[in-house]
Amino acid sequence: MTRSHTHAAGRRTGASSRHGGRSAAPVPLQIPARRGPGGRRLLGVLLLVGLLASVLPWWLGTPAGSLRSTAATVTAAGRISGLIAGYLLLVQVLMMSRLPVLERWIGGEQVARWHRDVGATLLVAVLAHLSLILVGYADLRNQSILAEVGTLLGDYEDMVSAFVATGIMMLVGFSSIRGIRRALPYELWHLLHLSSYLILLLGFGHQFTHGAQLYKPGPVRTGWIALYLLVVAALLWGRVLAPLAFNLRYRLQVADVVAESPDTISIYLTGERLGRLTMLGGQYFRWRFLARGCWWQSHPFSVSAAGNGRWLRLTVKVVGAHTADLRDLEPGTRVWAAGPSGTFTAAHRVRERALLIAGGSGITPIRAMLEELPPGAALIYRARTPADVLLSRELDWLAQERDTSVWYVIGSRDDPGPRQLMSPDGLRQLVPDVARRDVYLCGPPGLVDQSVRALRRAGVPRRQIHLATFEL
């Protein structure tokens, strides 16, 4: 059943299964098995245990009664925050490693959230370490904080690199503020975050030259060095070796570029052994097109059709210089891909039925997911104008084949019709059992935030709400 909304509801029949000259992918015969949160919880426990273990050397190595003066107490707090910051830095780089086991256990979306939260905590810990050490040492030497800065920079080995690492971290943290991130070009923001690897390199010498618990040879120092080596190994595997193996195996290349609308294109890819590619609808890859002007950067895009063993497709909205260049890709252009990533899939639902809410180009992962959800799903597709609706023929075909209810909600966010339909009462009217469904959301941040608030007020538990979030 398919329904169409502008400001009023009307019946709309299904359309052809062809769109842009391509046949829609065949519907998989088997529904993917559900995946529980066990891996995420286990990893969370391991990270917390590691955090406690990182400060244990200070606790065991600090004699009772040694913190009687203010300077000693402040300095001790600085050392504790330094140990915490060193550990969180390793965790942060691990989150950026794209290690396949992390993708399988918790998914790219959850990795992105942990990366954001750990990054904020890491910045606080580093600034606390710097401030407390400066105050404590200045008090012990009976000199001003500014003079203490000069002493540290002039007399302590590897201290200049530690200050540079702190400056880079503050710059990365500043660029991560939501409003600033949206204003920055993606390429610049991505480059700033890749500089996080320099923090690991620049901070290494400082930790093992001046760290009170780490400069002495012994099991503590050896354990920390082992942690560094493990994280670097994970980084090499996730960022270099695993993608290399993937691309040598599948050898993807551009087959065709099709205009879906004046500002949206679909890119069809072919390759080798695609029938063996394990991929779920709703997942994304990081794509690097090896063409002039495109090869030096990669961007995350979801697949917009479920795997069919013959071709892959991503549908891209043209919003900047890089995506504009993708319009001119020639057939045969080689593609370097990393993935698949993400838990925004039918396999991660906790209920039998689902409601999917998409806005604009956010329909792309949801369109692929519709092929793998059990029959009886519901889709609400928000668009400003009818011209902004993408893949409508395929959605109408899937509505018939998969017994899916589809509503096209057309109009601006201030129009009374869409505002009413996207309210808690409106959602319950369209989907009376919404509180007993998983809800998948993908679209502009404003739509996602508004929809989450409405869903929560409509009684949907938070664990049943799934958001599409792309990792670095």
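Please read these numbers as outputs of a predicted model, since none were measured by experiment.
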field: Side-chain donor-acceptor pair present, Arg313, Ser304, cut-off under 3.5 Å
entry: yes
- line: Which of Ile168, Val93, Val126 passes side chain to side chain contact (heavy atoms under 4.5 Å, CB included) with Ile199? Answer is Ile168
- prompt: Do Tyr137 and Val74 come within less than 4.5 Å of each other through their side chains, counting heavy atoms only?
  reply: no
- prompt: Who passes side-chain hydrogen bond (donor to acceptor under 3.5 Å, both in side chains) against Asp139, sequence neighbours left out?
  reply: none
message: If you count heavy atoms of other groups shown closer than 6.0 angstrom to CG of Leu229, is the number above 12?
response: yes
field: Contacts of type side-chain hydrogen bond (donor to acceptor under 3.5 Å, both in side chains), residue Ser69, not counting sequence neighbours
entry: none
- request: Taking atom types as modelled, find out whether Gln283 and Thr343 have a side-chain donor-acceptor pair closer than 3.5 angstrom.
  value: no
- prompt: Does Arg437 pair with Asp433 as a salt bridge, N-O distance under 4.0 Å?
  reply: yes
message: Quiz question: by atom type and distance under 3.5 Å, do the side chains of Thr315 and Thr364 form a donor-acceptor pair?
response: no
- request: May I have the step-by-step check of side-chain contact (heavy atoms from CB on, under 4.5 Å) for Leu132 and Ile80, ending in yes or no?
  value: CA-CA 10 Å; Leu132 291 168; Ile80 293 172; over 6 Å; no
message: Over 60° means perpendicular and under 30° means parallel, so tell me whether Tyr268 and Trp311 are parallel, tilted or perpendicular.
response: perpendicular
- prompt: So, Asp263 versus Ser261: side-chain donor-acceptor pair below 3.5 Å or not?
  reply: yes
message: If you count heavy atoms of other groups shown closer than 6.0 angstrom to CZ of Arg419, is the number above 12?
response: no
task: Assert yes or no for the condition that the ring centre distance of Tyr440 to Phe344 is strictly below 6.0 Å.
output: yes
- prompt: Only one of Leu269, Ile267, Val316, Leu326 clears side chain to side chain contact (heavy atoms under 4.5 Å, CB included) with Trp287; which?
  reply: Leu269
- prompt: Between Glu148 and Arg141, is there a side-chain N and carboxylate O pair less than 4.0 Å apart?
  reply: yes
field: Candidate pair Arg463 and Val350, rule side-chain contact (heavy atoms from CB on, under 4.5 Å), full reasoning
entry: CA-CA 8 Å; Arg463 72 188 188 97; Val350 297; 3.9 Å; yes
message: Taking the side chain as everything from C-beta on, heavy atoms only, tell me whether Asp438 gets closer than 4.5 Å to His466.
response: yes
message: I'd like to know whether Ser341 forms a side-chain contact (heavy atoms from CB on, under 4.5 Å) with Arg286, so could you lay out the CA-CA distance, the side-chain angles of the two residues, the decisive distance to 0.1 Å, and finally the verdict.
response: CA-CA 9 Å; Ser341 301; Arg286 301 167 188 88; 3.3 Å; yes
